[in-house]
2 protein chains.
Amino acid sequence: MGTSQRPTIKTVAARAGVGRTTVSRVLNGSPLVSDAAKAAVQAAISELNYVPSSVARSLVTSRTQSVALVIPESESRLGSEPYFSAVIRGVSTGLSDTPFQLLLILVRDQRELDQLRDFLAARRVDGVLLVSVHRDDPLPALLEEFGLPAVLAGRRSAAESLSHVHSDNAGGAAEAVRHLLRRGRRTIATITGPLDMDVGHSRRQGWRDALREGGADASEALAEPADFTEEGGRRAMRALLERRPGLDAVFAASDVMAAGALAELRRHGRRVPEDVAVVGFDDSIVARHTDPPLTSVRQPVEEIGSTMASILLEEMDEADEADRPGGGRRQVLLPTSLVVRESS
Amino acid sequence: MGTSQRPTIKTVAARAGVGRTTVSRVLNGSPLVSDAAKAAVQAAISELNYVPSSVARSLVTSRTQSVALVIPESESRLGSEPYFSAVIRGVSTGLSDTPFQLLLILVRDQRELDQLRDFLAARRVDGVLLVSVHRDDPLPALLEEFGLPAVLAGRRSAAESLSHVHSDNAGGAAEAVRHLLRRGRRTIATITGPLDMDVGHSRRQGWRDALREGGADASEALAEPADFTEEGGRRAMRALLERRPGLDAVFAASDVMAAGALAELRRHGRRVPEDVAVVGFDDSIVARHTDPPLTSVRQPVEEIGSTMASILLEEMDEADEADRPGGGRRQVLLPTSLVVRESS
DNA sequence: AACCCCGGTGGGATCGCTCCCACTCGGCTT
DNA sequence: AAGCCGAGTGGGAGCGATCCCACCGGGGTT
């Protein structure tokens, strides 16, 4: 009930018998405070149960102590993709012993994009993390325009100009395909992700590289793009079976698509892995529960999140040290690993 | 490039040839502005590309225009549970045409709990959404203590004093069990959630109610608690099989636990659904991909999120209309439905 | 003895807004 | 004709912090 106003820095100063500035110094860990004063202030703070107003602080420092995680995805994905949860968890971990708060911004349509633009223009965050970038995404350009520290998960293309963290998509895909070759498969198709995303592109590239390296067929007819959804995977599988009924393996660029492919293969009377081996990507919870359990390329998604956070912290540091804009773009490539299960 | 300071309300006022107050009035949609003035201000705003500083506004209004979604879960869950993603998506939808921003706060250990306490004490958000509450969770009490508008997903017990939204856990469980009875099953075990959570409790209650109603065995030996994880489900299944080798059905309080149960049943040579029927809860992506696909109780998780958001908005409204604390606790119960697949 | 330096301190100005209040100026009452 | 009202307006005073700068006093230098 005590409707007593929250104490302010003034209250604390009065209580401790010092000036506001001294309290502020203690709060910010300045060394220019006598031990006596510091003790008095700390006592006053805990007696009054004082917590500084971050809003007031932000007004004068023009730093908000918060970062945004922007997820630009149409309805369909966030739900089905454990990927985003893992990234969130990683980011949260990476931020957990800093004073930074995490804002979550879902951008699903034009209106939300406009809102985001205003939000960024109002400098309501000190930095931005962006996942799931498409080649022609307007967001990265927006970030560059605003000169806001930013880190991407993934990249628009190999020439990405913003800092980013991604996993070794080409390498992981190649490893998967090499595994299939080793198992004696010769006609290895791929269901790719959207080709306007670097993940889609790079995983297909890895598939192609490994096939050529092994002297196997890497023709275009064996690659069918889909959209990372289960239904997309099913459709792509159907198209591939039509073109190449004799295929004996499929590498899908995500577990969810692989799950769709499995369903379609079953519908066409193909046994997995006897007739057709299947490998997915992500090693998500889905992979462990399909029938049969899915061999999959594991990527360290949570680590992607935490790495993004660290990099962003560095960029924000630089941004207020110097006001020189470019401290240099950073990029981190994280390794993948193959988890073999019964589908291959 | 252009290091021109962001324009402030003063700049706009000067440009429009009016006073700051008039600009503020236009910004806040006050009717006490002449059309001429309003037009001049709007022109100035768009010419200068002005976006008001929400920080300055917050300082004076002492409202932050943001709410926190607090997820107090140990590492294990957020990853495996599509539940949280869906809630997030729902919340975001419910907030999307308001000016409120969403902060995501993961509380995984004592340190993060302390941080949260300070965060709330600093009134850095106008309201709080809390998911996954345990009976002895310290958080709800904290919220009541701070007098912060708050809405829970789920409840501590049937006598929950805070506003909350939950699905018809008992009803959904009962429906699942009735379905099993109808299929001729007689010895129906259950793998419950943690019994210190209302979800765990209520779903077990529904199981028990339906069994009694059908005149079937509802003895304690047929209920084994687990922790919503796959490994937990496996362990619980093992215990149940040991106690009741002859059981012919299992109702698991989550799909993930049901998946664990499936694996364990297979290990023991039981066929699903021939020997043992299995039903899960959540109708998550996992349910569609298990072998065999899982019959499951669907709950409208996304709707839980959006409903929480609406309720919180109402509570925050009230909180600044009157300063009377209790506008009354709200509670919403959302219906579940049974999705039948091959496991039963 | 006069000086300077520097650790420690506090008051005023400031950040960009909202809100209170005092003011103007037509159009109506009486 | 003198008042009064109410719509429209703007300046000043905050909100609660930080930061600049002026100040104070004691120890070391010359």
Side-chain angles (χ1 to χ4, degrees), chain A residues 4-42 44-45 48-66 99 118-119 121-124 126 320 323, chain B residues 4-42 44-45 48-66 99 118-119 121-124 126 320 323:
Chain A
S4 56
Q5 288 303 324
R6 268 182 64 199
T8 76
I9 200 171
K10 234 179 200 158
T11 331
V12 176
R15 173 76 160 231
V18 299
R20 303 186 331 271
T21 311
T22 300
V23 177
S24 175
R25 288 199 182 95
V26 172
L27 254 30
N28 296 292
S30 155
L32 271 76
V33 191
S34 66
D35 291 346
K38 187 191 283 186
V41 168
Q42 274 159 347
I45 287 178
L48 293 169
N49 230 297
Y50 168 75
V51 184
S53 153
S54 56
V55 172
R57 181 177 306 189
S58 288
L59 182 58
V60 53
T61 59
S62 65
R63 244 163 285 129
T64 62
Q65 300 292 74
S66 56
D118 280 356
F119 179 81
R123 283 289 189 282
R124 293 197 50 181
D126 298 336
D320 45 50
D323 54 324
Chain B
S4 56
Q5 287 304 324
R6 268 179 66 199
T8 77
I9 201 173
K10 231 179 203 159
T11 331
V12 176
R15 172 76 160 234
V18 300
R20 303 185 331 271
T21 311
T22 299
V23 177
S24 176
R25 287 201 180 92
V26 172
L27 253 30
N28 296 294
S30 156
L32 271 75
V33 191
S34 65
D35 291 346
K38 188 191 282 188
V41 169
Q42 275 159 348
I45 285 178
L48 292 169
N49 231 296
Y50 168 74
V51 183
S53 152
S54 57
V55 172
R57 181 177 308 193
S58 287
L59 183 58
V60 53
T61 59
S62 64
R63 243 162 285 127
T64 61
Q65 299 292 76
S66 56
D118 280 356
F119 179 81
R123 282 289 189 282
R124 293 197 50 180
D126 298 335
D320 47 48
D323 53 324

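In what follows, chains are A, B, ... by sequence order, proteins preceding strands, each numbered from 1.
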(request) Assign each of Leu59(B) and Arg57(A) to its nearest nucleotide of DNA chain D by heavy atoms, then name whichever residue's nucleotide is nearer the 5' end. (result) Leu59(B)
(request) Sequence neighbours left out, what passes side chain to side chain contact (heavy atoms under 4.5 Å, CB included) with Thr61(B)? Give chain and number order. (result) Arg57(B), Arg63(B)
(message) Measure CZ/Arg123(A) against P/dG16(C) and give the value in whole Å, please.
(response) 13 Å
(message) For Arg20(A), give me all partners under salt bridge (charged side-chain N to carboxylate O under 4.0 Å, His left out), at least two apart in sequence or on another chain.
(response) none
(request) Examine dC15(C): is either OP1 or OP2 under 4.0 Å from a nitrogen or oxygen in the side chain of Ser62(A)? Give yes or no. (result) no
(request) Would you kindly give the CZ-to-P distance between Arg124(A) and dC17(C), to the nearest whole Å? (result) 13 Å
(request) Using a cut-off of strictly less than 4.0 Å between a heavy atom of the residue and any atom of DNA chain C, enumerate the qualifying residues of residues 25-41 of chain B by number. (result) Asn28(B)
(request) Taking all non-hydrogen atoms of both residues into account, name the closest pair between Tyr50(A) and Val12(A) and its distance. (result) CG-CG2, 3.5 Å
(request) Taking all non-hydrogen atoms of both residues into account, name the closest pair between Thr11(B) and Thr8(B) and its distance. (result) OG1-N, 2.8 Å
(message) Just to verify, what does Ala40(A) make a side chain to side chain contact (heavy atoms under 4.5 Å, CB included) with, not counting sequence neighbours?
(response) Ala16(A)
(request) For dA17(D), take OP1 and OP2 only and decide whether either is under 4.0 Å from a side-chain N or O of Ser24(A). (result) no
(message) Quick check for you: to the nearest 0.5 Å, what is the distance between Arg15(B) atom CZ and Ile45(B) atom CD1?
(response) 12.0 Å
Provide a list of protein-nucleic acid N or O atom pairs under 3.5 angstrom, restricted to nucleotides 24-26 of chain D.
none

(message) Once side chain to side chain contact (heavy atoms under 4.5 Å, CB included) is applied, do any residues pair with Ala39(A), and if so which ones, sequence neighbours excluded?
(response) none
(message) Rounded at 0.5 Å granularity, tell me how far CG in Leu59(B) sits from OG in Ser54(A).
(response) 10.5 Å
(message) Which residues pass the side chain to side chain contact (heavy atoms under 4.5 Å, CB included) test with Thr21(B), not counting sequence neighbours?
(response) Arg25(B)
(message) Can you pull out the residues from residues 8-21 of chain A that lie within a 4.0 Å heavy-atom distance of DNA chain D?
(response) Thr8(A), Ile9(A), Arg20(A), Thr21(A)
Scan the side chains in residues 26-37 of chain A for donor-acceptor partners under 3.5 Å anywhere in the protein, sequence neighbours excluded, and list what turns up.
from	atom 1	to	atom 2	distance (Å)
Asn28(A)	ND2	Ser24(A)	O	2.8
Asn28(A)	ND2	Ser24(A)	OG	3.4
Ser30(A)	OG	Leu32(A)	N	3.1
Ser34(A)	OG	Ala37(A)	N	3.2

(request) With sequence neighbours excluded, tell me which residues meet side chain to side chain donor-acceptor pair (under 3.5 Å) with Thr64(B). (result) Ser66(B), Asp126(B)
(message) If you compare all heavy atoms of Arg123(B) against all heavy atoms of Arg6(A), which two are closest, and at what distance to 0.1 Å?
(response) CB-NH1, 3.9 Å
(request) Determine: side-chain N/O of Thr22(B) to OP1/OP2 of dG10(D), distance under 4.0 Å, yes or no. (result) yes
(message) Run the side chain to side chain donor-acceptor pair (under 3.5 Å) test against Ser58(A) and tell me which residues pass, sequence neighbours left out.
(response) none
(message) Need the bend value for the helix from dA1(C)-dT30(D) to dT30(C)-dA1(D): angle between end axes, 5 pairs each end, nearest 10°.
(response) 60°
